[in-house]
Amino acid sequence: MSNSIESHLAEDRVFKPAKSFSAKARISSMAQYKKLWKESVDKPKKFWAREAKELAWRKPWKKVLDWKAPDAKWFTGGKLNVTESCVDRHAAGPRRNKAAIIFEGEPGDRQVITYGQLQREVCRFANVLVAKGVKPKDRVLVYMPMIPEAAIAMLACARIGAVHSVVFGGFSSESIVDRLEDSGATHIVTADGGWRRGKIVPLKDNVDEALKKYQGIRSVVVFKRTGQEVAMTDGRDSWWHDETAKVPAKHEAKAFDSEHPLFILYTSGSTGKPKGILHTSGGYLTGAYTTCKYVFDMRDDDVYWCTADVGWITGHTYIVYGPLAMGVTQVMYEGAPNHPDFGRFWQMIEEYGVSIFYTAPTAIRAFIKAGDQFPEKHDLSSLRLLGSVGEPINPEAWMWYHDKIGGGRCPIVDTWWQTETGAIMITPLPGCTPTKPGTATLPFFGIDAAILDEEGHECKPNEGGRLVIRKPWPSMTRTIYGDKARFKKTYWSDYKGMYTAGDGARRDKQGNFWIVGRLDDVLNVSGHRLGTAEVESALVAHAAVAESAVVGRPDDLKGQAVVAFVTLKEGVEGTPALQKELRDHVGKVIGAIAKPDEIHFAPALPKTRSGKIMRRLLKELVATGNVTGNTTTLEDFTVIDNLRKSIEASRKTG
Ligand code: WT7
């Protein structure tokens, strides 16, 4: 968020893909990109229909697109089973014994699953879900470690037309309750635990805790991963290995409508509870597949590795659906990047011969901090392409990634997209786009992205504005589950018929998009969205807290750090012990990712005369130590002065 225009301009190096790379790429020149991009936005139906035809359909669509903003229906009349494209068609051909997933657990255990085996496992688990009574459109909550069974559970849901709702394994039991209640889920797939930094994440215990508060669950299937003792409730809980042993490894896949719901994934917004972003089948899969094909230029001999967790959209689109639809071999890793040390990723890249590597700027910054000795110990020459996602990548991190990991020879695709967009929207294409550190460059095929001012006029070069998408695309979210009004208000009410992303951005003279960050009260912590409102409501739920305001502060490692201002109830004393208690409390209510990095006790918060907390001032205060912005609406000026003093004092001692 601190990348000023000057720093970008100073960073004016341009990196063109090597001729040898371009020669083999699907899109090998800017002329080819420009021509195809123009065709694709002039005639999006033609472009997307051509791509969708490369997937397995049971029944062809009648209409490519039915569009009445904000409602899009893609490939209407068409029928498919998503898992047929991702699994069956590979298992039925020459890829049958090709590795689909090369798995490495954090403790060092390994497993290779071929496409043929993946088909058998997905079929088995589909049969288990059917036996448990799961019906099409039922919601199944998946709360798993990063193990192949997470992907198998998701695919098994897709196979029987059930809607998976994956909850990131780092989220707390209260987060599970919220998601269960909002989605009305009836079944859960989980594990006893998962490994993270040598410790067990107690997934089943968290589920048990959540189910004290939510009554709607009929079955919980538990994969045995870590082997510690867990409670099993009779009649409700059963083991994955017992259930799969009872059913055949064949399952006949039914075809579902192209617009059949595929999954719900919760993401933070600026106000209220997390939003259940709904994605459907045919269009989503087309977006996932097409971007894997052109952005990662995946080939049959590639070894691809995306380090995201399946609990985020990146894991859905670029671990499960996209790469598997392409039939590629991928590496999957369970644990932390620094376990046992910061060499783990580089060791795995060397060992498995990873050729395409997709990670997040926050991880790259942690590696830079850990030191070059870790990557230097390993032979990374198998890499041919690097990707980045989650937040703007700062030029320093970009250059390090390029030089130390890519050996100066690998193109970097800095991919901008969101949970809502389903697939990559703004990105270089590796065989043609000249890249500059810090910009996601140009729109993908079929994507009509623009930057508008408040009146809806397109901004001039280098003028900042709001990022919008002016035409529908297949993998766009169809709604916020159960809340169409919020969907319309959040994404479709700023400009008529256009999707607003909530990001601020500018375009340079070459048309490259530079994403500046969120315009709303949403933090980007380690590449993941966190609503300030969620953290505030968690704090206020604590007995000692009267009021709180949460803002982001630029942070070298995490992108943004979480800073909380807390007004305590009458008579409660603000002690270091209470600070710790509040941090742990937020960790318990939301998850470790949301724990405030700083908590400041404040007798009063800066407010407008009408009582609105002025977060803008708090943000400036924590970032710069001062407030220079407009304070004319501030009711009580002494509040800011007192806050400044207390921040200075606590940073000195802390
Ligand atoms: C927000 C979406 C897309 C999967 C990961 C996060 C920010 C994402 C970039 C990028 C600049 C980026 C945006 C966006 N963002 N990628 N390459 N450059 N900013 O998904 O949790 O839905 O967050 O992440 O602010 O709106 P998400």
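Order of listing sets the numbers, starting from 1, for every ligand and every atom in it.
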Could you go through ligand 1 and note, for every N or O atom, any protein N or O atom closer than 3.5 angstrom, writing the atom names and distance to 0.1 Å, or 'none'?
residue  : atom   : partner : partner atom : Å
ligand 1 : 15 (N) : Gly390  : O            : 3.3
ligand 1 : 16 (N) : Gly390  : N            : 3.1
ligand 1 : 17 (N) : Asp414  : OD1          : 2.7
ligand 1 : 17 (N) : Thr415  : O            : 2.7
ligand 1 : 18 (N) : Glu391  : O            : 3.4
ligand 1 : 19 (N) : Pro392  : N            : 3.4
ligand 1 : 22 (O) : Thr419  : N            : 2.7
ligand 1 : 22 (O) : Thr419  : OG1          : 2.5
ligand 1 : 22 (O) : Arg529  : NE           : 3.3
ligand 1 : 22 (O) : Arg529  : NH2          : 2.7
ligand 1 : 23 (O) : Arg529  : NE           : 3.2
ligand 1 : 24 (O) : Gly390  : O            : 3.3
ligand 1 : 25 (O) : Asp503  : OD1          : 2.9
ligand 1 : 25 (O) : Asp503  : OD2          : 3.0
ligand 1 : 26 (O) : Gln418  : NE2          : 2.9
ligand 1 : 26 (O) : Asp503  : OD1          : 3.1
ligand 1 : 26 (O) : Asp503  : OD2          : 2.8
ligand 1 : 26 (O) : Arg518  : NH1          : 3.0

Quiz item: How would you list, by chain and number, every residue that makes a ring-ring contact (aromatic ring centres under 6.0 Å, His included) with Tyr266, sequence neighbours excluded?
Solution: none
Self-check item: Qualifying ring-ring contact (aromatic ring centres under 6.0 Å, His included) pairs, either residue in residues 421-449, two or more places apart
Solution: Tyr33-Phe445, Phe47-Phe445, Tyr294-Phe445
Practice problem: Scan Thr427, Asp503, Thr421 and name whichever one has a side-chain hydrogen bond (donor to acceptor under 3.5 Å, both in side chains) with Trp416. | Solution: Asp503
Exercise. Using a strict cut-off of less than 4.0 Å between a Lys/Arg side-chain nitrogen and an Asp/Glu carboxylate oxygen, indicate whether Arg466 and Glu454 qualify as a salt bridge.
Key: yes
Quiz item: Is there any ring-ring contact (aromatic ring centres under 6.0 Å, His included) pair reaching into residues 455-481, and which pairs are they, with sequence neighbours excluded?
Solution: Trp473-Tyr499
Quiz item: Which is it for Leu155 and Val320 under the side chain to side chain contact (heavy atoms under 4.5 Å, CB included) test, yes or no, and what are the steps along the way?
Solution: CA-CA 8 Å; Leu155 290 164; Val320 180; 4.0 Å; yes
